[in-house]
A.B. asks: 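Take this structure first; my questions come after.
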Amino acid sequence: MTKVLVLHSVCLVRSALAALLRSEGDFEVTSSGWRAAARQAEFLRPDVAVVDLDCPGVSAALLADAGATRLLPDSSAPLLVLARADTPGSLRRAFRTRARGYVDKDGSPARLVRAIGKVAAGERFIDAALASAFMEADPMPLSPRELSVLSRAAEGDSIAEIAHALHLASGTVRNYMAAVTRKTGARNRIDAIRISRRAGWV
């Protein structure tokens, strides 16, 4: 039986996805929010961790320098992300998570089941519906650290909160935000967040 960990910040959504997987395949499924993700992964040792890329908070959790290892530091579980073909920028963001599987959210449950099986077996899986969108994704002008700072700013964190969460000095965070503003051609931080959301980077 394949052990699957479903990660989502919204309880109702992760519970529904877990129930779907239990009904569709031979899976032992556990669901968790972000705060308990590392603890659950360490305890359960899942074969696959499934993450919805549009989940609130996913950018800050997955797009830091260490990629998925920042979310699941003590687990070797490969990551499978759920994404959408109509947002190429978000696919570029998905690629930066270093996931082993990419599944179109508009696809069938059977496709997700197949992807989990492939990833659990050590293979890569890229949904055919997402392949061309990967090629069309906007180039990412930001470094991983700049993106992690911007992602937390987009979640509403203050400079001090970002500095604390990423173990940086407040001045360093301001420097990163200045670089983000310059690279995105924005007028200010709010404009940089707007531009980046439109591009699907955060």
Side-chain angles (χ1 to χ4, degrees), residues 1-84 90-131 134 144-145 147-148 151-152 155 157 164-167 202:
M1 182 173 286
T2 302
K3 293 189 291 184
V4 180
L5 176 60
V6 174
L7 300 173
H8 201 291
S9 60
V10 179
C11 181
L12 185 60
V13 174
R14 67 176 180 259
S15 297
L17 185 54
L20 170 67
L21 290 175
R22 291 188 191 102
S23 69
E24 292 287 336
D26 189 22
F27 301 130
E28 178 185 334
V29 186
T30 303
S31 62
S32 173
W34 296 126
R35 292 185 179 179
R39 184 171 65 252
Q40 288 278 42
E42 183 179 12
F43 175 73
L44 297 169
R45 296 293 174 183
D47 298 303
V48 181
V50 178
V51 177
D52 182 348
L53 199 64
D54 295 325
C55 168
V58 70
S59 294
L62 290 179
L63 299 180
D65 293 343
T69 59
R70 189 174 183 89
L71 178 64
L72 306 174
D74 299 314
S75 173
S76 59
L79 196 68
L80 185 152
V81 296
L82 306 178
R84 293 167 50 193
S90 72
L91 292 179
R92 180 73 68 180
R93 200 173 62 201
F95 187 72
R96 296 175 72 89
T97 68
R98 306 172 193 175
R100 293 198 61 81
Y102 305 87
V103 177
D104 185 0
K105 290 174 63 174
D106 290 327
S108 67
R111 194 177 300 170
L112 175 58
V113 169
R114 179 169 173 262
I116 291 174
K118 291 276 190 182
V119 172
E123 301 177 40
R124 294 186 68 86
F125 182 92
I126 298 179
D127 200 319
L130 301 180
F134 262 120
R145 180 58 85 181
L147 186 61
S148 64
S151 297
R152 288 193 173 273
E155 294 292 331
D157 288 2
H164 177 74
L166 299 180
H167 309 290
V202 297

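Computed from heavy atoms alone, side chains included, the values below leave out hydrogens, waters and symmetry copies. Starting from 1, each residue takes its place in the sequence as its number.
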A.B. asks: Given Pro46, which of Val50, Val48, Leu44 fulfils the side-chain contact (heavy atoms from CB on, under 4.5 Å) condition?
C.D. replies: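 With Pro46 as partner, side-chain contact (heavy atoms from CB on, under 4.5 Å) holds for just one option, Leu44.
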
A.B. asks: Output the distance between atom NZ (Lys3) and atom CG (Asp47), rounded to the nearest 0.5 Å.
C.D. replies: 6.0 Å

A.B. asks: Rounded to the nearest 0.5 Å, what separates atom OG1 in Thr2 from atom CD1 in Ile116?
C.D. replies: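 Between atom OG1 of Thr2 and atom CD1 of Ile116 there are 8.5 Å.
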
A.B. asks: Compare every heavy atom of Phe125 with every heavy atom of Lys118, then report the nearest pair and how far apart it is.
C.D. replies: CG-CD1, 4.1 Å

A.B. asks: When rounded to the nearest 0.5 angstrom, what distance separates CD in Glu123 from CZ in Arg100?
C.D. replies: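 If we round to the nearest 0.5 Å, Glu123:CD and Arg100:CZ are 9.0 Å apart.
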
A.B. asks: Any sub-3.5 Å donor-acceptor pair from Ser23's side-chain atoms to Leu20's backbone N or O?
C.D. replies: yes

A.B. asks: Just verifying a value: how many Å separate Leu130 CG and Tyr102 OH, rounded to the nearest 0.5 Å?
C.D. replies: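 Between Leu130 CG and Tyr102 OH, I get 10.5 Å after rounding to 0.5 Å.
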
A.B. asks: Could you check whether any side-chain heavy atom of Leu166 comes within less than 4.5 Å of a side-chain heavy atom of Arg145, counting everything from C-beta outward?
C.D. replies: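 Yes, their side chains come closer than 4.5 Å.
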
A.B. asks: Would you say the side-chain atoms of Arg14 pair up with the backbone N or O of His8, donor to acceptor, closer than 3.5 Å?
C.D. replies: yes

A.B. asks: Give, for atom CG of Leu5 and atom CG of Leu80, the distance between the pair rounded to the nearest 0.5 Å.
C.D. replies: 12.0 Å

A.B. asks: Could you measure the distance from the OG atom of Ser31 to the CZ atom of Arg22? Nearest 0.5 Å is fine.
C.D. replies: 6.5 Å

A.B. asks: Please lay out, stage by stage, how Arg84 and Asp104 fare under the test salt bridge (Lys or Arg N to Asp or Glu O under 4.0 Å).
C.D. replies: CA-CA 5 Å; Arg84 293 167 50 193; Asp104 185 0; over 6 Å; no

A.B. asks: Let me know which of Thr30, Leu17, Val51 forms a side-chain contact (heavy atoms from CB on, under 4.5 Å) with Leu7.
C.D. replies: Val51

